[in-house]
Each structure stands twice: as C-alpha cells, then as structure tokens.
Amino acid sequence: MSEVSRRGRPRSPATEQAILTATRELLIENGYARLSMERVAARTGVGKPTLYRRWSSKGELVASTVAHDLLSAVPPDTGDVEHDLRDWLRAQARSVSAPRNAPLVLALIAAAAESPQDAETLYGRITGPQREVLLRRLRGGVAEGTLRAGADWEAVADALTGSLMYQLLTGAADAAERRALALFDALLTGLLPRGVGEDGGDGGGDGRREAPRFTS
C-alpha cells in the first residue's frame, strides 16, 4: 500500500470551501438547531466520512465556518486608544449584526451552550484570540498613559464583547453598534454624569472627547 493510500486522500481546498459555504447557507436558512452533518453532506455532495475526517462534530464545523468568515482584525494602534477602540468596536458591531453574519454568531453561541467540548474548541479558535487582541490594545492604552493602571481590563473586554452578543440574543441587532459605543463611553467616564470629571466641552459631534492622561 502506498504512503498516500495509508494516509488517505490529500484534503482538497475546493472541497473544504464548498463545505464551509454549505454550512453558512444552511445556518442562514434554518439556524443551528436544524443544522446536521447529513444536511451539509447532502448540500455539498460529499460523504459524511469526508466531513468527519475534517471535523469531529457539528460544533467544530461551525467554528471553522465562523472563523473563516468573521475573525476580526487587530484594533489599530494610532496612539489614540479611544479612537482606535471606538473604530474597532464599531466595525465589530457592524460585522456581527449584519444579516449574513448574525446567524453564524448565534450558531457559535448555541454550539458552545450545547457541548462543553465544543465550547472549549470555539474559545480556543475564535473567542479567546478576539478577546486577547482587545486586551492588548487596552493594556497598550495603560502603557501610553491614556488609561489608568489597575483597572480590571479583562472585565472591560468581557463587557464590550458581551454587549454585542446580548443585542443579537435579544433580537436587537440593529441597536448593537449604538449600544456598544454607549457602553464604551460609560466605561471610559466611570459612569459619571457627562461633564463631571472632564476638562469641559461636549467632546464634539462624533461622541469622542480628549482622553485624560493617567500616570498611576
């Protein structure tokens, strides 16, 4: 038996792309609950063994589909952490709430709730890396002196990303961007009424204001 025969056929990028595309289409059409490996195989025209050689479960297949389509870019680093995170959060909100993407994000949440093993896989491939890039930029703001040291930045990251997921789960995707940015403003100002603890002014028409500089 040849080496290639013992190892099985090499993976075809075209087949894998077709499977991910079929998974996306089925999630948009029917949601996570009605997604099955059988339906993906039928839509793609491949056998179930082909699927299971690549993904051991429906949750892992969803993880690959979401990772392929929705992995976020690293927040920019212009030296203005508020500007950078506001732009990143706005882009994230628009991406996850877009009609073609929202079913994928909801499927991600459903898969994590259904299986602890899949939840670990999903965190390692998607949620964890996205959270880490946000944390790096927040901590960069501390190093720049524009954010105070000692804050619980992991809690801040969880609040910002969790806000987006909550809007999808409650059917308020259209409000995801506005509410995420409102939460971001509240976190930056320490939940104080507008104008208290600031250097004056209303911050202009885009919701931004000059960030205070903290040295300790």
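Counting begins at 1 with the first residue of the sequence. This one's a predicted model, so the numbers in the text were calculated from it and none came from an experiment.
What you find for D77 and D84 is that their closest heavy atoms are CA-OD2, 3.2 Å. Closest non-hydrogen pair, D118 versus S57, comes out as OD1-OG, 2.9 Å. Across G59 and A111, no two heavy atoms sit closer than the pair CA-CB, 4.1 Å. The two atoms that bring A112 and A119 nearest to each other are O-CB, 3.4 Å, heavy atoms only. Of all heavy-atom pairs spanning V62 and Y32, the tightest one is CG2-CE1, 3.7 Å. Heavy-atom minimum distance, A157 versus L135: CB-CD2, 3.9 Å.
If you chain together hydrophobic residues whose side chains sit under 4.5 Å apart, Y166 and L106 never meet in one group. In the hydrophobic cluster analysis, where Ile, Leu, Val, Met, Phe, Trp and Tyr join through side-chain heavy atoms closer than 4.5 angstrom, Y123 is grouped apart from V96. Under the 4.5 Å side-chain heavy-atom criterion for Ile, Leu, Val, Met, Phe, Trp and Tyr, I28 and V105 are members of distinct hydrophobic clusters. In this structure, V46 is a member of the same hydrophobic cluster as W55, with clusters built from ILVMFWY side-chain heavy atoms closer than 4.5 Å.
Atom CD of E16 sits about 10.5 Å away from atom CG of L51, to the nearest 0.5 Å. Atoms CE and CD1, from M165 and I109 in turn, are 5.5 Å apart once rounded to the nearest 0.5 Å. Considering OG1 of T23 and CG of L104, their distance stands at 9.5 Å, rounded to 0.5 Å. Note: E60 CD to Y52 OH = 11.0 Å, rounded to the nearest 0.5 Å. Going from atom CG of L187 over to atom CG of L147 covers 11.0 Å, rounded to the nearest 0.5 Å. One distance of note links OG1 of T161 with CZ of R131; it measures 7.5 Å at 0.5 Å rounding.
Remark: side-chain polar atoms of K58 are paired, donor with acceptor, to backbone N or O of L35 under 3.5 angstrom. With S95 contributing its side chain and A91 its backbone, the two residues share no donor-acceptor pair below 3.5 Å. Judged by distance alone, with hydrogens and angles left aside, the side-chain atoms of S163 form no donor-acceptor pair with the main-chain N or O of A159 at under 3.5 Å. A donor-acceptor pair under 3.5 Å is absent between the side-chain atoms of R137 and the main chain of L85, judged by distance alone. Judged by distance alone, with hydrogens and angles left aside, the side-chain atoms of R24 form a donor-acceptor pair with the main-chain N or O of R100 at under 3.5 Å.
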### Message
Using side chain to side chain contact (heavy atoms under 4.5 Å, CB included), reason through T78 and D87 one step at a time and then give a plain yes or no.
### Response
CA-CA 11 Å; T78 66; D87 283 355; over 6 Å; no
### Message
What verdict does the side chain to side chain contact (heavy atoms under 4.5 Å, CB included) test give for T21 and T65, after you've listed the backbone C-alpha separation in whole Å, the side-chain angles of each residue and the deciding distance to 0.1 Å?
### Response
CA-CA 8 Å; T21 298; T65 303; over 6 Å; no
### Task
For L61 and M37, run side chain to side chain contact (heavy atoms under 4.5 Å, CB included): C-alpha distance rounded to whole Å, both residues' side-chain angles, the deciding distance at 0.1 Å, then the answer.
CA-CA 9 Å; L61 177 55; M37 300 296 256; 3.9 Å; yes
### Task
Report the C-alpha distance between L89 and L164 in whole Å, list the side-chain angles of each, state the deciding distance to 0.1 Å, and finish with yes or no for side chain to side chain contact (heavy atoms under 4.5 Å, CB included).
CA-CA 9 Å; L89 189 60; L164 298 176; 4.3 Å; yes
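More than 12 heavy atoms of other shown residues, nucleotides or ligands fall within 6.0 angstrom of atom CD in E25. Annotation for D152: atom CG counts as buried by contact number, over 12 foreign heavy atoms lying within 6.0 Å. Atom CD of Q117 sits in a sparse spot, with 12 or fewer heavy atoms from other residues, nucleotides or ligands closer than 6.0 Å.
Counting heavy atoms from C-beta outward, L134 and Q92 have side chains that stay 4.5 Å or more apart.
Using a 4.0 Å cut-off between charged nitrogen and carboxylate oxygen, E29 and R39 do not count as a salt-bridge pair. Between R139 and E154 a salt bridge is recorded (basic side-chain N to carboxylate O distance below 4.0 Å).
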